[in-house]
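Encoded as structure tokens, the structure appears first; notes follow it.
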Amino acid sequence: MNRMRRTSLLWVVGATAVGLIIGRLTPPLIVRLGGAVPQVSWLAAALLAFAAVVMGVLAWNTWQSLHRKSRRMTSQYGITMVSLAKSGAAVATLVGGFYAGFALAYLDALDVALARERALHSGVAAAACVVLLITSLLLERACIAPGDDEEETVADPA
């Protein structure tokens, strides 16, 4: 049976870097094409923060059930939680990198009110993505059943 592969730090850093580059290049590209750069609303940060809270609650409940109360988990529940954790980590890294890059694009123009607003809103959204990433990784960790980390060895009768 194949074991679940945990989300690696290399993947997180790589996906964040991709999002960061795309987010940093988006505003100048929009301006160059003659468009208007959109404003980042508070709703984006609020939804990402809400997703982080939901992921944190799921991680806490799963950890309590499996590790504290020693309850069993159905395979369907386990697959669902691991899928949520992996997708949450993917969204958090890519979107968080994008919002961080978007904020970086306006750091040199903080004296302008609209640029300051874009940088602030994007920075808060990126921070919410960091929290979402942490809670997603905690949920992924919580889904590991007790004893899965340890290799079972059989002693030779001598």
Side-chain angles (χ1 to χ4, degrees), residues 1-64 66-67 73 75-145 148-149:
M1 173 162 61
N2 293 335
R3 290 181 173 251
M4 175 190 81
R5 290 181 44 191
R6 295 183 188 161
T7 303
S8 70
L9 180 63
L10 181 63
W11 186 89
V12 169
V13 170
T16 303
V18 168
L20 188 71
I21 291 167
I22 292 171
R24 176 63 180 94
L25 296 177
T26 298
L29 183 63
I30 291 173
V31 170
R32 174 165 256 168
L33 295 175
V37 180
Q39 294 181 6
V40 179
S41 71
W42 286 115
L43 183 62
L47 287 175
L48 289 166
F50 177 74
V53 168
V54 168
M55 202 71 71
V57 168
L58 288 173
W60 177 257
N61 287 338
T62 303
W63 178 264
Q64 287 293 318
L66 279 178
H67 298 276
M73 158 173 48
S75 59
Q76 181 62 40
Y77 181 80
I79 290 171
T80 302
M81 291 300 110
V82 169
S83 299
L84 278 172
K86 294 266 187 195
S87 61
V91 166
T93 54
L94 291 171
V95 174
F98 179 84
Y99 278 126
F102 201 84
L104 283 176
Y106 291 102
L107 283 184
D108 58 348
L110 289 178
D111 53 339
V112 178
L114 187 57
R116 186 172 45 248
E117 182 181 316
R118 285 180 176 147
L120 175 66
H121 291 192
S122 298
V124 171
C129 283
V130 169
V131 176
L132 177 60
L133 174 64
I134 291 169
T135 56
S136 295
L137 294 177
L138 286 174
L139 177 58
E140 182 180 319
R141 179 76 177 145
C143 289
I144 298 172
D148 278 355
D149 283 339

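Going from atom CD of Glu140 over to atom CG of Leu138 covers 10.0 Å, rounded to the nearest 0.5 Å. A distance of 11.5 Å separates CG of Leu20 from CG of Leu94, quoted to the nearest 0.5 Å. Annotation: the span from Ile21 atom CD1 to Thr26 atom OG1 amounts to 11.5 Å, rounded to 0.5 Å. Atoms CG and CG, from Leu132 and Leu47 in turn, are 11.5 Å apart once rounded to the nearest 0.5 Å. Distance check, rounded to the nearest 0.5 Å: CD1 of Ile79 to OG of Ser83 gives 7.0 Å. The distance from the OG atom of Ser122 to the CG atom of Leu104 is 9.5 Å, given to the nearest 0.5 Å.
In this structure the side chain of Thr93 reaches within 4.5 angstrom of the side chain of Trp11, judged on heavy atoms. Residues Arg6 and Leu137 fail the side-chain proximity criterion, which asks for heavy atoms closer than 4.5 Å.
Atom CG of Leu33 has more than 12 heavy atoms from other residues, nucleotides or ligands within 6.0 Å. The environment of OH in Tyr77 is crowded: more than 12 heavy-atom neighbours from other residues, nucleotides or ligands sit within 6.0 Å.
The shortest non-hydrogen separation linking Ala125 to Leu48 is O-CD1, 3.8 Å. Summarising the geometry of Ala142 relative to Thr62, their closest heavy-atom pair is O-CG2, 3.8 Å, with the distance given to 0.1 Å. Between Leu84 and Met55 the shortest heavy-atom distance is O-CE, 3.6 Å. In this structure, Met81 and Leu139 approach most closely via the heavy-atom pair O-CD2, 3.6 Å. Of all the heavy atoms in Thr135 and Ala52, the pair that sits closest is OG1-O, 3.4 Å. Scanning both residues, Ala100 and Ala126, for their nearest heavy atoms gives N-CB, 3.9 Å.
When Trp42, Tyr99, Phe102, Tyr106 are each tested for a ring pair (Phe, Tyr, Trp, His ring centres under 6.0 Å) with His121, only one passes: Trp42.
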